[in-house]
Amino acid sequence: MQALLGDCVASWCPGAKGVTAAVRLSGGASQETWSFDIVHPDGNIGAILRRAPQGYGAAPSRAAGLNAEACLMQLAHHAGLPSPRVMHVLQPHDGLGTGFIMERVDGETIPRKILRDKQFAQVRPLLARQLGKVLAGIHGLPVAQLPALRRMTATGEITELERDYRSFEWPRPVFELALRWLRERDPGPPPEVTLVHGDFRHGNLIIGADGVRAVLDWELAHLGDPMEDLGWICVNSWRFGEIDKPVGGFGSREELFAGYEATGRRVDVERAMFWEVMGTLRWGVMCCGMMQRFRTGPEHSIERAIIGRRSSETEIDLLRLLSPRQP
């Protein structure tokens with residue numbers, strides 16, 4: 001891999017002398033993330049490769065695809081949003097498959113550290129408002145400049161979630177209640193269709209002592225209701241025990257909404273709450289899917305079983321959300 005990266009970098013980075021410290025960070029057979037340094041006379045450049053190796057080019061049905069991810073990150077970076085700079089989009093002659101190379105951004109993605117470590121104490125109270133402004137910037141990217149993306153509606157998402165849930169043949173009364181609640185309160189088409197990040201939460205945000213440094217993992221980006229992102233980041237599963245601070249365990253909805261509206265955009269609180277319920281149910285169904293694969297798949301991964309158990313947590317979260325008093 002290091003030799004392949006060296007040949008690739010030499011073709012587009014003038015003065016590059018090769019690469020060093022190539023380490024695979026994560027990913028399965030079809031998606032990989034690598035960290036490496038570009039050796040350069042002006043100083044080494046930290047870089048990240050995201051790729052699907054040759055033979056694994058097809059993206060899952062909900063995924064935008066790596067080329068679309070690269071385009072979205074470039075648009076966000078050029079708009080001044082906290083997004084890593086994409087240095088190179090892989091070409092067939094690179095021999096590395098499909099993907100892109102971006103500049104590495106220093107900071108922290110582990111929620112426990114962001115919520116507990118002293119180095120983030122000063123910035124934690126500011127993060128919810130910062131994230132509101134970042135989301136407003138994402139939703140403000142010109143639709144005409146976006147790559148081809150799937151369109152998602154509330155009605156379509158309810159239908160898809162119900163189909164997935166029923167395929168498990170694992171009845172859960174609270175999920176049934178949530179599906180009925182969502183169907184009865186389907187808000188219909190949004191006043192404005194925008195880019196939606198689709199997975200804006202802990203783990204996909206690089207945080208430093210100065211605040212939000214980068215938004216990662218645009219693979220679930222799509223066109224839809226901008227309130228979806230505002231609801232998703234408030235899902236209780238991303239609070240990591242700080243349940244009284246709905247935004248990532250460090251802030252309030254009011255702070256998030258204030259940051260969003262400071263840019264001139266508007267928050268529909270009822271729509272945002274609808275998408276928070278939707279997001280909670282979606283995560284619950286995803287957890288059930290993990291348990292199903294653990295039970296029936298050839299690989300009985302303990303990680304899948306652990307995630308599968310969290311479906312019971314989402315039932316508690318849904319009951320709290322659907323009760324007259326919200327958390």
Side-chain angles (χ1 to χ4, degrees), residues 69 71-86 102-103 105-109 111 114-115 119-146 149 190-235 238-240 242 244-276 279:
E69 278 193 68
C71 180
L72 292 171
M73 293 174 72
Q74 287 171 324
L75 289 171
H77 182 79
H78 292 154
L81 296 172
S83 177
R85 181 171 67 93
V86 175
M102 58 184 168
E103 204 164 36
V105 176
D106 292 331
E108 187 57 74
T109 60
I114 295 168
L115 295 177
Q119 70 183 94
F120 302 107
Q122 296 295 321
V123 77
R124 270 194 294 270
L126 309 177
L127 286 176
R129 192 175 292 266
Q130 283 187 11
L131 291 177
K133 291 180 179 179
V134 172
L135 277 176
I138 291 173
H139 299 159
L141 291 175
V143 172
Q145 296 179 19
L146 303 178
L149 297 170
E192 178 188 17
V193 173
T194 71
L195 171 64
V196 177
H197 180 275
D199 202 12
F200 194 84
R201 60 171 176 84
H202 271 306
N204 293 337
L205 302 168
I206 297 180
I207 306 295
D210 53 345
V212 185
R213 292 181 178 173
V215 179
L216 306 175
D217 290 353
W218 297 67
E219 63 182 339
L220 296 180
H222 57 273
L223 297 176
D225 187 341
M227 296 301 102
E228 179 188 346
D229 279 334
L230 292 172
W232 182 245
I233 196 173
C234 292
V235 168
W238 322 139
R239 302 177 200 176
F240 296 87
E242 301 289 342
D244 294 328
K245 297 176 180 177
V247 183
F250 47 67
S252 67
R253 295 183 185 89
E254 290 75 18
E255 290 165 332
L256 176 73
F257 297 164
Y260 191 87
E261 294 193 329
T263 68
R265 299 190 66 84
R266 283 286 157 283
V267 173
D268 185 323
V269 176
E270 288 189 6
R271 276 184 177 270
M273 180 55 64
F274 171 88
W275 284 106
E276 185 175 337

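Values in this document were obtained by computation on a predicted structure and should not be read as measured data.
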- Item | Side chain proximity check, Asn204 to Val215, heavy atoms < 4.5 angstrom | no
- Query: What heavy-atom pair brings His139 and Pro226 nearest, and what distance separates the two atoms?
  - Reply: CE1-O, 3.1 Å
- Leu230 vs Phe200 side-chain heavy atoms within contact, under 4.5 Å: no
- Do the non-hydrogen side-chain atoms of Pro84 and His77 ever get within less than 4.5 Å of each other? no
- State, to 0.1 Å, how close Val123 and Gly208 come at their nearest heavy-atom pair, and which atoms those are. CG1-O, 3.7 Å
- Item | Non-hydrogen side-chain atoms of Glu108 and Gln119 separated by less than 4.5 Å | no
- Measuring from Thr194:OG1 to Glu228:CD, what's the distance to the nearest 0.5 Å? 9.5 Å
- Could you tell me which non-hydrogen atom of Asp225 sits nearest to which non-hydrogen atom of Val196, and how far apart they are? O-CG2, 3.5 Å
- Query: Donor-acceptor pair, Arg239 side chain versus Asp244 backbone, under 3.5 Å?
  - Reply: no
- Query: side chain to side chain contact (heavy atoms under 4.5 Å, CB included) between Arg265 and Glu192: does it pass, once the steps are laid out?
  - Reply: CA-CA 11 Å; Arg265 299 190 66 84; Glu192 178 188 17; 2.6 Å; yes
- Evaluate salt bridge (Lys or Arg N to Asp or Glu O under 4.0 Å) for Arg124 paired with Glu255, printing each intermediate quantity in order. CA-CA 12 Å; Arg124 270 194 294 270; Glu255 290 165 332; over 6 Å; no
- Would you say Leu205 and Ile114 make side-chain contact, with heavy atoms under 4.5 Å? no
- Note on the structure: Heavy-atom nearest pair, Val86 first then Met73, reads CG2-CB, 3.8 Å
- Note on the structure: When every non-hydrogen atom of Cys234 is compared with those of Arg253, the smallest separation belongs to SG-CG, 3.9 Å
- Separation between CH2 (Trp232) and CG (Asp199), nearest 0.5 Å, reads 6.0 Å
- Are Tyr260 and Met227 side-chain neighbours, meaning at least one heavy-atom pair lies under 4.5 Å? yes
- Query: Which distance, rounded to the nearest 0.5 Å, do you find between the CD1 of Ile206 and the CG of Leu216?
  - Reply: 4.0 Å
- Query: Got a second to check how far Arg85's CZ is from His78's NE2, nearest 0.5 Å?
  - Reply: 9.0 Å
- Would Ile207 and Val212 count as a side chain to side chain contact (heavy atoms under 4.5 Å, CB included) if you check the C-alpha gap in whole Å, the side-chain angles of each, and the deciding distance to 0.1 Å? CA-CA 5 Å; Ile207 306 295; Val212 185; 4.0 Å; yes
- State, with a plain yes or no, whether a side-chain heavy atom of Leu195 is found less than 4.5 Å away from one of Trp218. yes
- Message: If you apply the rule side chain to side chain contact (heavy atoms under 4.5 Å, CB included), what do you find for Lys245 with Leu115, and how did you get there?
- Response: CA-CA 11 Å; Lys245 297 176 180 177; Leu115 295 177; over 6 Å; no
- Query: Could you state the interatomic distance from CG (Leu141) to CG (Leu72), rounded to the nearest 0.5 Å?
  - Reply: 8.0 Å
- Nearest heavy-atom approach of Val247 to Ser252 is CG2-O, 3.3 Å
- Query: Are side-chain heavy atoms of Pro190 and Arg271 found at a separation under 4.5 Å?
  - Reply: yes
- Check: Glu219 main-chain N/O paired with Asp217 side-chain donor or acceptor under 3.5 Å: no
- Message: Quick one: does any side-chain atom of Asp229 pair with a main-chain N or O of Gly198 as donor and acceptor, under 3.5 Å?
- Response: yes
- Neighbour count >12 (heavy atoms, 6.0 Å) for atom CD, Gln122: no
- Drop me the distance from Glu261's CD to Arg266's CZ, to the nearest 0.5 angstrom. 4.5 Å
